Amino acid sequence: MLEELKERVYRANMELPRYGLVTFTWGNVSEIDKKSGYFAIKPSGVKYEDLTPEDMVIMDLFGNKIEGRYNPSSDTATHIVLYKAFPKIGGIVHTHSSWATSWAQAGRNLPCYGTTHADYIYGEVPCAESLKGSDFDEYEKTTGLKIVEAFKDRDYEAVPAVLCRNHGPFTWGKDGMEAVHNAVVLEEVCKMAARCEQINPQVQPAPQELQDKHYFRKHGANAYYGQR
């Protein structure tokens, strides 16, 4: 079932170690098939070097396993919440990449200090609230709900990333590969921002006019970056 979807999700997952975003099995990619409502996701705890396309697990949005010999990623419930809350996304990535996770562990929003960030993400990346008390009864689901709460006044398409406090990053996109692309971007801009603050502890976010120029030359009706 959905063999092409499993192949795409496998290839997207294999990009994570290629870009240095995962250590051991610390990450996962999923992609949803909008027609069927099913999504494919990496199996839990399986080494990347051992993965095959057939190992991808097919799930529905109610948490039922439709196909697969392995258990799905332990983060599956978070992916389900995001697919339901953000209907325009088609793929999701979670990693523990070191620079983005450092910002998440610090519990800080990521400011936009320059044009590299502004090219892909409109404004700061929010850091979602920590979980506490009864939140841990449904840990992965509540993680997703905390992410959704962080976007109650934000455009999830313009800001395709979040930092989960004390945990790590999630990114998303139109499909799994775009979500991976955004995970790479997030890691790089987190690295740049941390170094920027070391060099100049009084640094301020980039001027809004500059942020707007760089974001909207790549996004929206008047975008002109790249080839038509």
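Basis for what follows: all heavy atoms, side chains included, without hydrogens, waters or symmetry-related copies. Residues: numbered from 1 along the sequence shown. The structure displayed is predicted, hence computed values, not measured ones.
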Is the backbone of [Y] close enough, under 3.5 Å, to the side chain of [X] for a donor and an acceptor to pair up by distance?
X      : Y      : answer
Asp119 : Thr116 : no
Trp103 : Cys190 : yes
His167 : Gln105 : no
Lys146 : Cys164 : no
Thr76  : Ser73  : yes
Asp60  : Gly63  : yes
Lys141 : Ile80  : no
Arg165 : Gly107 : yes
Lys213 : Thr115 : no
Glu187 : Trp99  : yes

Straight-line distance of [X] [atom1] to [Y] [atom2], nearest 0.5 Å:
X      : Y      : atom1 : atom2 : result
Asp33  : Leu5   : CG    : CG    : 6.0 Å
Thr95  : Trp26  : OG1   : CH2   : 11.0 Å
Glu178 : His181 : CD    : NE2   : 8.0 Å
Leu110 : Ile121 : CG    : CD1   : 7.0 Å
Met177 : Glu15  : CE    : CD    : 4.5 Å
Thr142 : Glu129 : OG1   : CD    : 12.5 Å

Is it the case that more than 12 heavy atoms not belonging to [X] sit under 6.0 Å from its [atom1] atom?
X      : atom1 : value
Lys34  : NZ    : yes
Lys65  : NZ    : yes
His214 : NE2   : yes
Tyr19  : OH    : no
Asn222 : CG    : no
Phe136 : CZ    : yes

Let me check something: do [X] and [Y] share a hydrophobic cluster, defined by ILVMFWY side-chain heavy atoms less than 4.5 Å apart, either directly or through other members?
X      : Y      : answer
Tyr38  : Val81  : yes
Tyr113 : Val125 : no
Met59  : Leu61  : yes
Val159 : Tyr215 : no
Phe170 : Tyr122 : no

Give the minimum heavy-atom separation between [X] and [Y], together with the two atoms involved.
X      : Y      : value
Leu51  : Pro43  : CD2-CG, 3.7 Å
Val180 : Val93  : N-CG2, 3.5 Å
Leu186 : Thr171 : CD2-CG2, 3.9 Å
Ala179 : Gly173 : CB-N, 3.8 Å
Tyr48  : Asn13  : CE2-O, 3.4 Å
Ile58  : Ala40  : CD1-CB, 3.7 Å

Derivation of the side-chain contact (heavy atoms from CB on, under 4.5 Å) call for Leu82 and Val148: CA-CA 7 Å; Leu82 296 182; Val148 173; 4.2 Å; yes
Parallel, tilted or perpendicular: ring planes of His94 versus His96, cut at 30 and 60 degrees: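 It falls in the perpendicular class, over 60°.
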Plane angle bin for Phe39 and His79 - parallel if under 30°, tilted between 30 and 60°, otherwise perpendicular: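 It falls in the parallel class, under 30°.
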Beyond-backbone contact of Thr101 with Pro169, side-chain heavy atoms, under 4.5 angstrom: yes
Derivation of the side-chain contact (heavy atoms from CB on, under 4.5 Å) call for Arg69 and Asp55: CA-CA 7 Å; Arg69 64 191 179 108; Asp55 294 331; 3.1 Å; yes
From Gln211, Arg108, Arg154, residue fulfilling side chain to side chain donor-acceptor pair (under 3.5 Å) relative to Glu124: Arg154
Phe86-Tyr156 aromatic ring centre distance below 6.0 Å: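 So the answer is yes for these two rings.
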Pair Glu31 + Arg11, salt bridge at N-O below 4.0 Å: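 No, Glu31 and Arg11 are not salt-bridged.
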Donor + acceptor pair across side chains of Asn71, Ser44 (<3.5 Å): no
Any donor-acceptor N or O pair under 3.5 Å, side chains Gln208, Asp212: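 Judged by distance alone, the side chains do pair up.
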